[in-house]
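Letters A, B, ... are given to chains in the order of the sequence lines, protein chains preceding strands, and every chain is numbered from 1.
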Amino acid sequence: MGLGPTYSMGLGPPLPRGFAPFSCKKRAAWIQGNLEKEYSLIMEQSLQPAICLHKYPRSQIEVYVMVLENDGSTLAAALTCASIALAEAGIEMFDMVVGCSLRQCGDVSLLDPTAAEEYSAASSQAVNNGSLTVALLPTLNQISGLVSKGEWEEQTSVEAIKACIEGCQKLYSVVQQCLTKSVKRKIPQLVSKD
Amino acid sequence: MAAGFKMVEPLEYYRKFLKENCRPDGRELGEFRTTTLNIGSITTADGSALVKLGNTTVVCGIKVEFATPTVDASNKGYIVPNVDLPPLCSSRFRPGPPSEQAQAASQFIYDVIENSQIIQKEDLCIEKGKLAWVVYCDMVCLDYDGNLLDACIIALLAALKNVQLPAVSISEETGLAEVNMNQKNQLNIRKHPVATSFAIFDDTIFIVDPTAEEETLASGMATIVIDEEDRLCAVHKPGGSGLSSEKLQDCIVRAQTRHREVHKLLTEVMKSVTPTINVK
């Protein structure tokens, strides 16, 4: 996938994002469905701004995500997961990417919905029935990806985005802890110094 | 210095260790890596298990569905194993259709199930000629560091033991299946086969539980599958250096010891999982 006009650089082919056959209530075949292709595209668009691609000219970074168990908010979890894996791999990044999703059902907002709470078009509510997934760069406070499904009123939609951003910021502290632990494990000499 | 030598002459580097009857990771020639087993972690699957053999990680998920039995096997259900080696487990696997290695592994697992009769297909029949269970066994490798087959067999066995099948009856009036989710039975696991894989170096030296690096340097591979009555279920020897009958005997003996080790681990893990439903 080319980015600049002079040299080709990019995240590579659309990230194959697989659902394991046993991950959903109904067994899924191994062939990539439309949902996987859609999610792969969204993930590529959301992760690309965070990575210092200019440091990897003429290279391809391949990110593979596999969902072992689907209990809702998989896109958000996959985004966070992929960005932590990239950081673990030592890929230079401007910022982490944290994902958070929300389900709106009338006046009720559910942050981080489970599979049972997820959006379905055939719901009782006519207005304000939808789902939202936000990919945030926490330190830069910029949104790199946003997926919204369903019908929203303008005000509700804005509030939902704000709620997701707050969710991402809270999740970011867990991500930081995780990465710090991993670094300490890899470099024991630094730990013994302090 | 050692790292440079290793890169330039990997086989020579290995031979230096083998001469002292040990391996670079400190193991003896007949020693297995630490085996870790975890079952029932995936709630969307009807049965699941995660096995770590050193760094090699395999997760097995079982999904059961209804199917109509074939006409020539009207009292039998189906078992469909599948091994997946996604690109995330190792850079040697590329995205796309299943590689030869994955297909060969799937066929091997199918043969082991058939030969050892872990489950008899007749047990999967609900109503002769009308309804039977099909058991999909999907093994996904999450981290490939050699010895895929051993890990897959342990994961498959543990996951099958973890499966709870709801009671099904065919209603007389409608002829449709009625599933009673409150009454669940375990699968009838008749045999517990365990696989032991060997890598052959220089036609003479056999090492057990090879890592990915050792597999690439080996001149041949062999896998022996033993069940709990110390009987041979399968011998998988795909090409490579020859295997003399004495060496085969040694391998079988090692495989029998390994079976006891794994069986102990399996029973311990099964005991720790409290069954909430009836056990047949």
Could you grab the distance from atom CD of A:Glu62 to atom OG of B:Ser91, nearest 0.5 Å is fine?
10.0 Å
Would you confirm whether B:Lys63, through its side chain, and A:Cys24, through its main-chain N or O, come within 3.5 Å as a donor-acceptor pair?
yes
Just wondering, do A:Tyr64 and B:Cys89 contact through their side chains at under 4.5 Å, heavy atoms?
no
Check: A:Phe22 main-chain N/O paired with B:Thr44 side-chain donor or acceptor under 3.5 Å
yes
Starting at CG of A:Asn70, measure out to CD1 of B:Ile42 and round the result to the nearest 0.5 Å.
12.0 Å
Hey, could you give me the CZ/CG distance between A:Arg27 and B:Asp138, rounded to the nearest 0.5 Å?
4.5 Å
In terms of heavy-atom contacts, B:Leu88 and A:Val65 come closest through CD2-C, 4.2 Å
For the OH atom on B:Tyr78, are there more than 12 heavy atoms of other groups (residues, nucleotides or ligands in this structure) within a distance under 6.0 Å?
yes
With a cut-off of 6.0 Å (strictly less than), are more than 12 heavy atoms of other residues, nucleotides or ligands near NZ of B:Lys191?
yes
Counting only heavy atoms closer than 4.5 Å, note whether B:Thr43 contacts chain A via side chain, backbone, both or neither.
both
Between A:Glu69 and B:Ser41 the two heavy atoms that sit nearest each other are OE1-O, 3.3 Å
